[in-house]
Amino acid sequence: MSLMQPRPPTPAAIPSKLTVNFVLPYKSEIANKEVDMVIVPATTGQMGVLPGHVSTIAELKPGVLSVHEGNDITKYFVSSGFAFVHANSIADIVAVEAVPLDQIDPAAVQQGLAEFNAKLGSASTELEKAEAQIGVDVHSALNAALAG
């Protein structure tokens, strides 16, 4: 029994659809779904992935993951993770946390941002500062995602 399976061959022609797998530690959000495109919030900037994309590994930052299927666009806020794009037009996206954008409460985001800004202002140790800064960064990204 081999733990490493051979990589699927790169197709001779570019497929018309991208196959997406989007998983979290506790569930599979999307499994083997054929879509037109995904846009991931990579640390290097927004990265659009279409069928035939070159093989890539991208680290994800807090932001919006968009899944485009015809005229339908499903958006998720992701906290962090990785996107693995394979030459055979399969994209595996692994996130630490994710929530559909339409399920986020804007008032809770504003409250959390205010709380973490206050914690950052009163932090006395490097650990407290780092934890508060992470909270500010995530809530700022949530706020930006909701704004548009």
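Computation of the quantities below employed the complete heavy-atom set of this structure, encompassing side-chain atoms and omitting hydrogens, waters and symmetry-equivalent molecules. Residue numbers count from 1 along this sequence.
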Inset, instruction - Please report the shortest heavy-atom distance between Pro15 and Pro51, naming the atom on each side. - result: O-CB, 3.1 Å
Legend entry - Qualifying residues under side chain to side chain donor-acceptor pair (under 3.5 Å), relative to Asn143, sequence neighbours excluded: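 Result, side chain to side chain donor-acceptor pair (under 3.5 Å) vs Asn143: Gln110.
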Could you check if a side-chain atom of [X] sits within less than 4.5 angstrom of a side-chain atom of [Y], using non-hydrogen atoms only?
X	Y	result
Ser55	Val85	no
Leu60	Ser80	no
Gln133	Leu120	yes
Leu142	Pro62	no
Val67	Ile73	no
Leu146	Ile104	yes
Leu24	Glu29	yes
Val38	Leu18	yes

Inset, instruction - Show your reasoning for whether side chain to side chain contact (heavy atoms under 4.5 Å, CB included) applies to His86 and His53. - result: CA-CA 8 Å; His86 308 280; His53 195 285; over 6 Å; no
Inset, instruction - Please determine if Lys129 and Glu131 form a salt bridge, counting it only when a charged side-chain N lies under 4.0 Å from a carboxylate O. - result: no
Please identify each residue that fulfils side chain to side chain contact (heavy atoms under 4.5 Å, CB included) with [X], with sequence neighbours left out.
X	answer
Glu34	Lys17, Thr19
Phe82	Ile57, Glu59, Phe84
Val64	Ser66, Lys75, Leu101, Ala145

Shared hydrophobic cluster for [X] and [Y] (ILVMFWY, side-chain gaps under 4.5 Å):
X	Y	value
Val96	Leu65	no
Val78	Val138	no
Ile90	Met37	no

Legend entry - Sequence neighbours excluded - ring-ring contact (aromatic ring centres under 6.0 Å, His included) pairs with any residue from residues 19-42: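 Applying ring-ring contact (aromatic ring centres under 6.0 Å, His included) to every pair that reaches into residues 19-42, excluding sequence neighbours, yields Phe22-Tyr76.
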Legend entry - Residue pairs involving residues 97-148 (criterion ring-ring contact (aromatic ring centres under 6.0 Å, His included); sequence neighbours excluded): Phe116-His139
Inset, instruction - Please confirm whether the backbone N or O of Ser124 pairs with a side-chain atom of Glu128, one donor and one acceptor, at under 3.5 Å? - result: yes
Inset, instruction - Could you tell me whether a side-chain N or O of Asn21 sits under 3.5 Å from a main-chain N or O of Asn32, the two making a donor and an acceptor? - result: yes
Inset, instruction - Using the side chain to side chain contact (heavy atoms under 4.5 Å, CB included) rule, take Ile39 and Val49 through it: C-alpha gap first, then chi angles, then the decisive distance, then the call. - result: CA-CA 6 Å; Ile39 300 174; Val49 180; over 6 Å; no
Inset, instruction - Apply side chain to side chain contact (heavy atoms under 4.5 Å, CB included) to the pair Met47 and Thr56, showing each step before the final yes or no. - result: CA-CA 11 Å; Met47 182 175 82; Thr56 303; 4.2 Å; yes
Legend entry - Stepwise side chain to side chain contact (heavy atoms under 4.5 Å, CB included) test for Val136 and Leu113: CA-CA 6 Å; Val136 168; Leu113 183 57; 4.3 Å; yes
